[in-house]
Number of protein chains: 2
Amino acid sequence: MAYTETVDRILDAAELLFAEKGFSETSLRMITSKAKVNLAAVNYHFGSKNALIQAVFSRFLRPLSHLMEEGLKKHQWDLDSGQAPDIEQILRLYTHCLLDIPTRHENGVSIFMRLLGLAYTQSQGHLRLYLEEEYSVTFKFILMMVKESTPQLSTEERFWRTQFTLGAMAFTMSSIQPLTDILENKQGSKADPEKVIDFLVPFLVAGLKTPPIQE
Amino acid sequence: MAYTETVDRILDAAELLFAEKGFSETSLRMITSKAKVNLAAVNYHFGSKNALIQAVFSRFLRPLSHLMEEGLKKHQWDLDSGQAPDIEQILRLYTHCLLDIPTRHENGVSIFMRLLGLAYTQSQGHLRLYLEEEYSVTFKFILMMVKESTPQLSTEERFWRTQFTLGAMAFTMSSIQPLTDILENKQGSKADPEKVIDFLVPFLVAGLKTPPIQE
DNA sequence: AAACATTCCAAACGGATGTTTTAAACATAC
DNA sequence: GTATGTTTAAAACATCCGTTTGGAATGTTT
């Protein structure tokens, strides 16, 4: 995919509109008129609306995945070393990488998290498949790290606690500022994502570390 | 709204399809053909598709709200008594009420949870307004109870922890069906909502009770 | 300059959507 | 029996959707 200016303008507009309205609720005509490009440009450059959705995700998941792998290497964590990292360190690494993604909009982090949440909750079969194929390696490795760090949990309880963690993160990050306000460029007491994460991580760590109900 | 048989059949079908596919992805023709009623019946009885969505929510939110108020009365919790309930009791009351709603389908609880999650994550403007107008009293009262039960938290940290809690609940609920499928493929155990809640509450309680970072 | 490939654009296509309208049947109550 | 409300049927409505088309514009290469 050659990144011409038209392609970028489409991706920028689509990213904002998808995050604000959802996928089905955003039409190609909304996107192209916001991006100030011709309607046919989407199908010309991306092929289909579904491919555009996937491209939007790729543009921020690729850097995120890359940052994560670098971070993991730097810590020299290894599954076979027997030295499991603390669960808090894993969360810190993940949130730190999130904040370091280069963003194309203000409040880019909020938008990314909102999109991530939508990817989970909106039943877009094609998107689920695509994400699974493209980025499962990195995320599976993280899941393995979580497993090493929480040996006291049953597989089932660990699975659900991971979901709770994801939910708290995605939901909170996506509502850091009502997205309408973001788009209107309305300013006020702007909530700093870093500060929210400082609140979030101890909350999640406490939940993850609490004794299991299934012995 | 007179609850004739046609009305109920429409609501039953809509409830299932909305929970399965989401609102935008469910057409009136899908609903009426599943309910085996005429297409025009929806607009005749409900007026519009949006009104139908609201009616689906009312049918299970009204009993839920009622159960909550009864539960609060039974515990004789009072904001001015100075006797703050434990935060776990509040969460338990809420989740128990959720499980006690009379359901019209098998897996009714899963369906309600999924709908509740969709209401939060799917940005349906009209739905958000409607829920706000109809059920904000009960909701605000719960927030006051949470405040009483967590006096050690600053207003800011309590606000965010409430967001984390809501996020974990809504996110898990809205994706509970797809997740259950994942889990079933992974291992034979079928996940029923009660079990998920049993995992969820201790996780949230631990997070809510952990010492604040802001002293 | 000529040939080529790429990008852009206005318009149209076929289909699905929510909604409305017509008419006729059916039930129930006064 | 007449009035009132409910249901079905079939069709049309206006609109929106994703996608496709043919040709014009643009840039690059020979």
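Numbered from 1 within each chain, the chains take letters A, B, ... in sequence-line order.
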| Atom CZ of Phe46(A) and atom C1' of dT7(C): how far apart are they, to the nearest Å? | 14 Å
| Which whole-number value in Å describes the distance from Leu17(B) CG to dT17(C) C1'? | 16 Å
| task | Respond yes when some side-chain nitrogen or oxygen of His45(B) is under 4.0 Å from OP1 or OP2 of dT7(D), and no when none is. | result | yes
| query | Reading nucleotides 15-26 of chain D from the 5' end, what letters show protein touch, with B for base, S for backbone sugar-phosphate only, - for no heavy atom under 4.0 Å? | reply | --BBBBB-----
| field | Gap between atoms CD1 and C1', on Ile31(B) and dA16(C) respectively (whole Å) | value | 15 Å
| task | Inspect the surroundings of NE2 in His75(A) and state if more than 12 heavy atoms from other residues, nucleotides or ligands are less than 6.0 Å away. | result | yes
| said: Is there a side-chain contact between Phe18(A) and Arg114(A) in this structure, where contact means two heavy atoms from C-beta onward sitting under 4.5 Å apart? | reply: no
| note | Atom NZ of Lys36(A) and atom C1' of dT7(C) are separated, to the nearest Å, by 20 Å
| query | Have Ser24(A) and Glu25(B) got a donor and an acceptor in their side chains that come within less than 3.5 Å? | reply | yes
| Residue pair Thr32(A) / Leu39(A): nearest heavy atoms and the distance that separates them | CG2-CA, 3.7 Å
| said: Please verify the inter-ring angle class for Phe57(A) with Phe23(A); under 30° counts as parallel, over 60° as perpendicular, anything in between as tilted. | reply: tilted
| message | Tell me the interatomic distance from Arg9(A), atom CZ, to dT7(C), atom P, rounded to whole angstroms. | response | 15 Å
| said: Which heavy atom of Thr165(B) sits nearest to which heavy atom of Leu208(B), and what is that distance? | reply: OG1-CD2, 3.6 Å
